[in-house]
Amino acid sequence: MNSDAMLQIQDDIRTDCALLTLGTRPVILCIGSDRVTGDCLGPIVGQMLIERGVDAYVYGSLSRPVTALNLKEWIRHIKSEHKDKKVLAIDSSVGRADDVGKIRVAFGAIAPGSADGKRLPKVGDVSITATVTDLDKTPLSAVRLGIVYSLARDITNRIIRSIG
């Protein structure tokens, strides 16, 4: 087995472990705007999860996106309605050119909108981000939908496999 295959297996195990810590019927908060291609990763993942009937509370989809404008309201709602549930937060990210296309799963919260200089509340017990662009080369509004869709499909499949 080559070292790239070994790293992928380790990443898969680490990802599955992180997702399994969410427990039964977690909250999945899919953050992003359906109006900006590079920012629509979260809403696409939310839409896919809803359509595939994931056993979770899913907030954020193409028809009801969770954006910078309503994030605080959704966080209040989740804290009120799902006090005992862990939250998986999903958002697109920007990074270096060699990070484009990479999906990262981490224990802990994410800070949505930080690439745009927004100061929004951190959210999530576990987080998934996918790097969709290098801002030096491509603005979020010009990211190819195929890249975002492919990443969203991979994230959705991983979640479905891990939590059903």
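This is a predicted model, so every value here is computed, not measured.
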Smallest separation among heavy atoms of Gly124 and Ala89, with atom names: CA-CB, 4.1 Å
Short question: side chain of Ser150, backbone of Gly146 - any donor-acceptor pair under 3.5 Å? no
So OG of Ser127 and CD1 of Ile90: to nearest 0.5 Å the spacing works out to 9.5 Å
Spell out, as yes or no, whether a donor-acceptor pair under 3.5 Å connects the side chain of Ser162 to the backbone of Arg158. yes
Check Ile155 against Ala130 and note the closest heavy-atom contact, atom names and distance. CD1-CB, 4.1 Å
Distance from Arg153 atom CZ to Ile44 atom CD1, nearest 0.5 Å? 11.0 Å
Side chains of Cys40 and Leu145: closer than 4.5 Å at any heavy-atom pair? yes
If every non-hydrogen atom of Leu29 is compared with every non-hydrogen atom of Leu71, which pair is closest and at what distance? CD2-CD1, 4.1 Å
State whether Arg96 and Asp136 are salt-bridged, where the test is any N-O pair (Lys NZ or Arg NE/NH1/NH2 against Asp/Glu carboxylate O) under 4.0 Å. no
Taking the side chain as C-beta and beyond, is there a heavy-atom pair between Asp39 and Asp91 under 4.5 Å? yes
Any heavy-atom pair between the side chains of Tyr149 and Met48 that's under 4.5 Å? yes
Option passing side-chain contact (heavy atoms from CB on, under 4.5 Å) with Gln47 (candidates Leu62, Thr156, Asp34): Leu62
From Glu81 atom CD to Trp74 atom CH2, the distance as rounded to the nearest 0.5 Å: 10.5 Å
Arg52 and Asn157: side-chain donor and acceptor closer than 3.5 Å? yes
Answer with yes or no whether the hydrophobic clustering places Ile50 together with Val66; edges join I, L, V, M, F, W, Y residues whose side-chain heavy atoms lie under 4.5 Å apart. no
Any Lys83 side-chain heavy atom under 4.5 Å of Ile78 side chain: no
Using modelled atom types and a 3.5 Å cut-off, is there a donor and acceptor pairing between side-chain atoms of Asn70 and backbone atoms of Pro65? yes
Taking a hydrophobic cluster as the set of Ile, Leu, Val, Met, Phe, Trp and Tyr residues connected by side-chain heavy atoms closer than 4.5 Å, whether directly or through intermediates, do Ile110 and Ile75 fall within one such cluster? yes
Non-hydrogen side-chain atoms of Val148 and Ser92 separated by less than 4.5 Å: no
Check whether any side-chain heavy atom of Val45 lies under 4.5 Å from a side-chain heavy atom of Cys30, and answer yes or no. yes
Decide side-chain contact (heavy atoms from CB on, under 4.5 Å) for Ile163 and Ile28; before the verdict, give the C-alpha distance in whole Å, the side-chain angles of both, and the deciding distance to 0.1 Å. CA-CA 11 Å; Ile163 66 172; Ile28 303 176; 3.9 Å; yes
Assigning hydrophobic clusters by single linkage (Ile, Leu, Val, Met, Phe, Trp, Tyr; side-chain heavy-atom cutoff under 4.5 Å), is Val132 placed with Val105? yes
Using 30° and 60° as the class boundaries, would you call the ring planes of His77 and Tyr59 parallel, tilted or perpendicular? perpendicular
Check for a donor-acceptor pair, side chain of Thr133 on one end and backbone N or O of Leu140 on the other, with a separation under 3.5 Å. no
Separation between CG (Leu49) and CD1 (Ile160), nearest 0.5 Å, reads 5.5 Å
Any side-chain heavy atom of Ile159 sitting closer than 4.5 Å to one from Ile128? yes
Non-hydrogen atoms of Ala152 and Leu41 that approach each other most closely: N-CD1, 3.6 Å
Same apolar cluster (I L V M F W Y, side chains within < 4.5 Å links), Val54/Ile103: yes
Indicate the atoms forming the closest heavy-atom contact of Val143 with Thr37, along with that distance. O-CG2, 2.9 Å
Between Arg25 and Tyr57, is NZ or CZ placed under 6.0 angstrom from the six-membered ring centre and within 45° of the ring axis? yes
Interatomic distance, NZ@Lys102 vs CG@Asp98, rounded to 0.5 Å, equals 5.5 Å
Beyond-backbone contact of Ile31 with Thr67, side-chain heavy atoms, under 4.5 angstrom: no
Using every non-hydrogen atom in the two residues, find where Ser61 and Gly46 come nearest and quote the distance to one decimal. CB-C, 4.3 Å
